Amino acid sequence: MIKTFIDKLLGKSAPGKGPKFGKREDVPATVHGIDPSLVDGRALDVVHTLKSAGFEAYVVGGAVRDLLLGLRPKDFDVATNATPEQVKGLFRRAFIIGRRFRIVHVVYGRGREHEVIEVSTLRAHLDSADAEQVSGNERSSKTALAGMKHAVDASGRVLRDNVWGPIEQDAARRDFTINAMYYDPETETVVDFHHGIRDSNKRVLRMIGDPAARYREDPVRIIRAVRFAAKLSGLGFQFEAKTRAAIAPSVGLLADVPQSRLFDEMLKLLQTGHALASVEQLKSTGLAKGIYPLLDLVVERAEDPFVRSALQDTDRRVGECKPVAPSFLLACVLWSDVRVGWNRRQKAGLPAFPALQEAVDEVFESRIGDVSGRGKLGADMREIWLMQPRFDKRTGTAPFSLADQPRFRAGFDFLRLRAQVGELPEEIAHWWETFSTASDAVRYDMVDAIRLEQQRAKPKSRAKTGETPGGRVFRQPAEGRALPPSGEQAEDSAANEPPPFESESGEAAPAKKRRRRRKPNSGAGGAGSVAGAGGDDAGSGPQP
């Protein structure tokens with residue numbers, strides 16, 4: 001009696017009672033209208049396997065929401081009353097992952113074609129006041145959290161939640177009503193506890209329970225709210241007033257969330273096909289700053305033509321079911337910093353490539369944190385940036401070796417966006433696009449054409465023999481004397497020669513005119529005629 005009175009004063013409900021668990025509604029196919037052909041066959045297999053073993057199993061979460069909207073879900077999650085160990089034992093390729101929430105990944109297929117069905121155990125809805133409390137976070141309190149099933153930090157953020165429970169409690173602990181529905185594909189029934197179908201029909205994004213308390217339990221729900229609003233805004237969804245009002249005042253709670261988790265949530269915002277809409281939602285909800293430094297920069301630079309083109313390109317690729325890489329988008333966002341540092345160092349006299357390397361190092365030091373700056377993502381960003389000056393070299397063997405680089409396509413897409421915003425001539429991007437898909441014969445012709453074009457662009461001397469503008473006289477080689485090398489060899493040897501001599505007046509004389517080596521006639525002892533531009537070797541091109 002006394003405990004009930006105290007619980008009432010503290011706002012706690014008796015287990016299993018109260019409106020927070022909702023009322024179960026089993027909605028038949030004639031009402032919800034889900035097209036069963038939209039359900040992935042692998043998800044059907046997981047549900048069937050679990051039910052055949054005597055367990056409950058449902059397609060759950062965003063997949064049910066998308067099915068109700070007539071969309072084909074990209075990912076399918078399954079909820080069951082089987083424990084992670086029991087789920088793992090039913091499938092040949094299944095792996096238990098996670099500490100905060102233990103789930104099972106059931107894997108189908110191999111390589112890039114593999115598909116993962118995420119299976120979670122139905123969880124109990126526990127009051128945070130009853131959880132074990134630790135003073136730090138996941139990292140600082142790792143030892144203390146070992147063995148705990150339900151734990152929170154000092155702010156009430158849930159650090160462990162692995163207590164299993166019935167389906168009605170599992171529904172209550174989910175975030176939004178439209179994500180708290182369960183679909184049984186065998187009976188074609190939707191189980192709804194919180195009017196998710198109604199909110200879906202009304203296009204309302206509403207948090208289950210008290211929004212401020214739910215954000216406090218898991219501050220990442222703030223970012224998830226923005227992501228769902230961005231994804232569904234095109235379908236007319238809007239925040240319910242209380243759900244929206246609690247977002248901005250709760251943003252300070254994100255300070256205690258590990259940086260790695262915030263970085264992952266940032267990538268979800270930007271790489272799920274609604275990057276531009278996510279930026280607009282962040283601005284409208286008062287979250288333009290304060291979530292994650294790199295995300296703040298994305299929002300700040302979203303109107304920059306280059307960054308906006310990158311965001312649009314990312315949304316387009318996701319919409320076309322093409323892969324996207326976070327390294328590419330972040331490289332675009334930080335390119336202005338790299339370019340400024342690169343130009344500054346070149347003006348100070350540093351050669352182009354070393355200047356670019358130093359500029360990249362500076363950006364990594366000042367802009368990129370420990371989470372995103374290490375490993376493959378950071379290496380890919382560097383490679384995209386350092387590849388850019390190599391696109392200027394379109395003669396010799398350089399184009400062939402560049403096109404063979406594993407990250408060539410990412411580097412070229414970056415170059416293409418630079419050309420679109422006028423940072424460099426579009427002709428260069430068109431040339432590389434043609435070169436990358438052309439046959440070897442066409443590639444050789446393209447490289448040879450560029451070489452000849454560059455040769456024609458060089459200033460010609462006033463005469464084959466005679467006085468130079470500086471007053472010096474030079475002569476042609478004797479008839480039997482070897483001429484300088486031709487073509488690419490001439491360009492390579494010229495790079496190693498000392499600068500041209502100066503006249504007494506101090507004015508530099510032009511370099512000697514290069515001529516092709518004489519080609520000997522077949523069977524003749526004397527030297528043949530000199531081959532002109534576009535002669536016998538034209539079109540052969542460099543060998544890759």
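What you see is a predicted model; the values in this text were computed from it and never measured.
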K.L.:
Considering only residues two or more places apart or on different chains, which pairs with a residue in residues 223-239 satisfy side chain to side chain donor-acceptor pair (under 3.5 Å)?
P.N.:
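Every pair satisfying side chain to side chain donor-acceptor pair (under 3.5 Å) with a residue in residues 223-239: D175-R224.
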
K.L.:
Please find the pair of heavy atoms, one from G109 and one from H114, that lie closest to each other, and give the distance.
P.N.:
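Nearest heavy atoms, G109 then H114: O-CB, 3.6 Å.
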
K.L.:
Checking A53 now: which residues fulfil side chain to side chain contact (heavy atoms under 4.5 Å, CB included) with it, not counting sequence neighbours?
P.N.:
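Once residues adjacent in sequence are excluded, the partners of A53 under the side chain to side chain contact (heavy atoms under 4.5 Å, CB included) criterion are F55, L90.
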
K.L.:
Which heavy atom of A57 sits nearest a heavy atom of L50, and at what distance?
P.N.:
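Minimum heavy-atom contact is CB-CB, 3.8 Å.
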
K.L.:
So, for A302 and V307, which heavy atoms are closest and what is the spacing to 0.1 Å?
P.N.:
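Closest approach of A302 to V307: CA-CG1, 4.3 Å.
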
K.L.:
Rounded at 0.5 Å granularity, tell me how far CG in L282 sits from CG in L287.
P.N.:
6.0 Å

K.L.:
Pair up each side-chain donor or acceptor in residues 204-211 with any protein partner under 3.5 Å, not counting sequence neighbours, and list the distances.
P.N.:
from, atom 1, to, atom 2, distance (Å)
R206, NE, D199, OD2, 3.0
R206, NH2, H194, O, 3.2
R206, NH2, D199, OD2, 2.9
D210, OD2, A213, N, 3.1

K.L.:
Is there a donor-acceptor pair closer than 3.5 Å between any side-chain N or O of W164 and the backbone N or O of T121?
P.N.:
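Not confirmed, W164 side chain does not pair with T121 backbone.
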
K.L.:
Drop me the distance from L330's CG to L377's CG, to the nearest 0.5 angstrom.
P.N.:
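Here the rounded value is 6.0 Å.
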
K.L.:
Can you list every pair that meets salt bridge (Lys or Arg N to Asp or Glu O under 4.0 Å) and has a residue in residues 69-88, with sequence neighbours left out?
P.N.:
E85-R102

K.L.:
Among residues at least two apart in sequence or on other chains, which ones pass side chain to side chain donor-acceptor pair (under 3.5 Å) with D66?
P.N.:
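D66: no side chain to side chain donor-acceptor pair (under 3.5 Å) contacts found.
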
K.L.:
Kindly give the heavy-atom pair with the smallest separation between V251 and G290, and that separation in Å.
P.N.:
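It is CG2-O, 4.4 Å.
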
K.L.:
Hey, mind stepping through L417 and D413 against side chain to side chain contact (heavy atoms under 4.5 Å, CB included) and telling me if it holds?
P.N.:
CA-CA 6 Å; L417 288 182; D413 286 342; 5.9 Å; no

K.L.:
Please enumerate all residues that pass side chain to side chain donor-acceptor pair (under 3.5 Å) together with R93, with sequence neighbours excluded.
P.N.:
none

K.L.:
Tell me, please, which residues at least two apart from Y58 pass ring-ring contact (aromatic ring centres under 6.0 Å, His included).
P.N.:
Y182

K.L.:
Side chains of Q312 and S309: donor-acceptor distance under 3.5 Å anywhere?
P.N.:
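S309 and Q312 do not have a side-chain donor-acceptor pair below 3.5 Å.
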
K.L.:
Taking everything shown except E365 itself, do over 12 heavy atoms lie less than 6.0 Å from its CD?
P.N.:
no

K.L.:
Pairs in or reaching into residues 269-291: which pass side chain to side chain donor-acceptor pair (under 3.5 Å), with residues at least two apart or in two chains?
P.N.:
none

K.L.:
What I'd like to find out is whether the side chain of F408 reaches to under 4.5 Å of the side chain of S436, using heavy atoms alone.
P.N.:
yes

K.L.:
Partners of D315 by salt bridge (charged side-chain N to carboxylate O under 4.0 Å, His left out), sequence neighbours excluded?
P.N.:
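With neighbours one apart ignored, the set is empty.
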
K.L.:
Nearest 0.5 Å please: distance from the CD1 atom of I103 over to the CD1 atom of I97.
P.N.:
4.0 Å

K.L.:
Which residue pairs satisfy the ring pair (Phe, Tyr, Trp, His ring centres under 6.0 Å) criterion with at least one member in residues 221-256, sequence neighbours excluded?
P.N.:
F176-F228

K.L.:
Between the main-chain N or O of V191 and the side-chain N or O of R24, is there a donor-acceptor pair closer than 3.5 Å?
P.N.:
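Checked: no pair found.
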
K.L.:
How close do G196 and I178 get, heavy atom to heavy atom, and via which atoms?
P.N.:
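That closest heavy-atom pairing would be O-CG2, 3.9 Å.
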
K.L.:
Evaluate the side chain to side chain contact (heavy atoms under 4.5 Å, CB included) criterion for residues W432 and R416: first the C-alpha distance (whole Å), next the side-chain angles of each, then the deciding distance (0.1 Å), finally the verdict.
P.N.:
CA-CA 9 Å; W432 278 103; R416 177 175 53 81; over 6 Å; no

K.L.:
Would you give the length of the straight line joining atom CD1 of I247 to atom NZ of K242, rounded to the nearest 0.5 angstrom?
P.N.:
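Going from CD1 on I247 over to NZ on K242, the span is 15.0 Å.
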
K.L.:
May I ask you to decide if A124's main-chain N or O and R173's side chain share a donor-acceptor pair within less than 3.5 Å?
P.N.:
no

K.L.:
Side chain of D170, backbone of P166: donor and acceptor closer than 3.5 Å?
P.N.:
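No, the answer is negative, given that no donor and acceptor are paired below the 3.5 Å cut-off.
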
K.L.:
Would you confirm whether W385, through its side chain, and A331, through its main-chain N or O, come within 3.5 Å as a donor-acceptor pair?
P.N.:
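Here the side-chain-to-backbone pair exists.
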
K.L.:
Going by atom types only, do S327 and R407 share a side-chain donor-acceptor pair under 3.5 Å?
P.N.:
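A pair is found: one side chain offers a donor N or O, the other an acceptor, under 3.5 Å apart.
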
K.L.:
Run the salt bridge (Lys or Arg N to Asp or Glu O under 4.0 Å) check on D264 and K268 step by step: do they pass?
P.N.:
CA-CA 6 Å; D264 290 341; K268 290 177 183 178; over 6 Å; no

K.L.:
Return the minimal non-hydrogen interatomic distance between L253 and R216, and the atom names on each side.
P.N.:
CD1-CA, 3.7 Å

K.L.:
Can V360 and V363 be said to form a side chain to side chain contact (heavy atoms under 4.5 Å, CB included), step by step?
P.N.:
CA-CA 5 Å; V360 169; V363 170; 5.8 Å; no

K.L.:
Does the structure place the NZ or CZ of R42 under 6.0 Å from the centre of the six-membered ring of F76, at an angle of no more than 45° from the ring's axis?
P.N.:
no

K.L.:
Taking ring-ring contact (aromatic ring centres under 6.0 Å, His included) as the test, write out the residues that go with Y183, two or more places apart.
P.N.:
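Checked Y183 against ring-ring contact (aromatic ring centres under 6.0 Å, His included); matches are H32.
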
K.L.:
Are the side chain of R367 and the backbone N or O of E362 linked by a donor-acceptor pair below 3.5 Å?
P.N.:
no

K.L.:
Not counting sequence neighbours, which residues clear side chain to side chain contact (heavy atoms under 4.5 Å, CB included) with R418? List them please.
P.N.:
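R418 satisfies side chain to side chain contact (heavy atoms under 4.5 Å, CB included) with F306, W335, Q388, F414, L415, E423, L424 only.
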
K.L.:
Roughly how far, to the nearest 0.5 Å, is NE2 of H105 from CD1 of I117?
P.N.:
10.0 Å

K.L.:
Quick check for you: to the nearest 0.5 Å, what is the distance between R65 atom CZ and L232 atom CG?
P.N.:
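With rounding to 0.5 Å, CZ (R65) is 5.0 Å from CG (L232).
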
K.L.:
Do R382 and D361 pass the side chain to side chain contact (heavy atoms under 4.5 Å, CB included) test, and can you show the C-alpha distance, the side-chain angles, and the key distance before you say yes or no?
P.N.:
CA-CA 9 Å; R382 285 179 180 272; D361 290 340; 2.8 Å; yes

K.L.:
Do R316 and K322 touch side chain to side chain, with heavy atoms closer than 4.5 Å?
P.N.:
yes

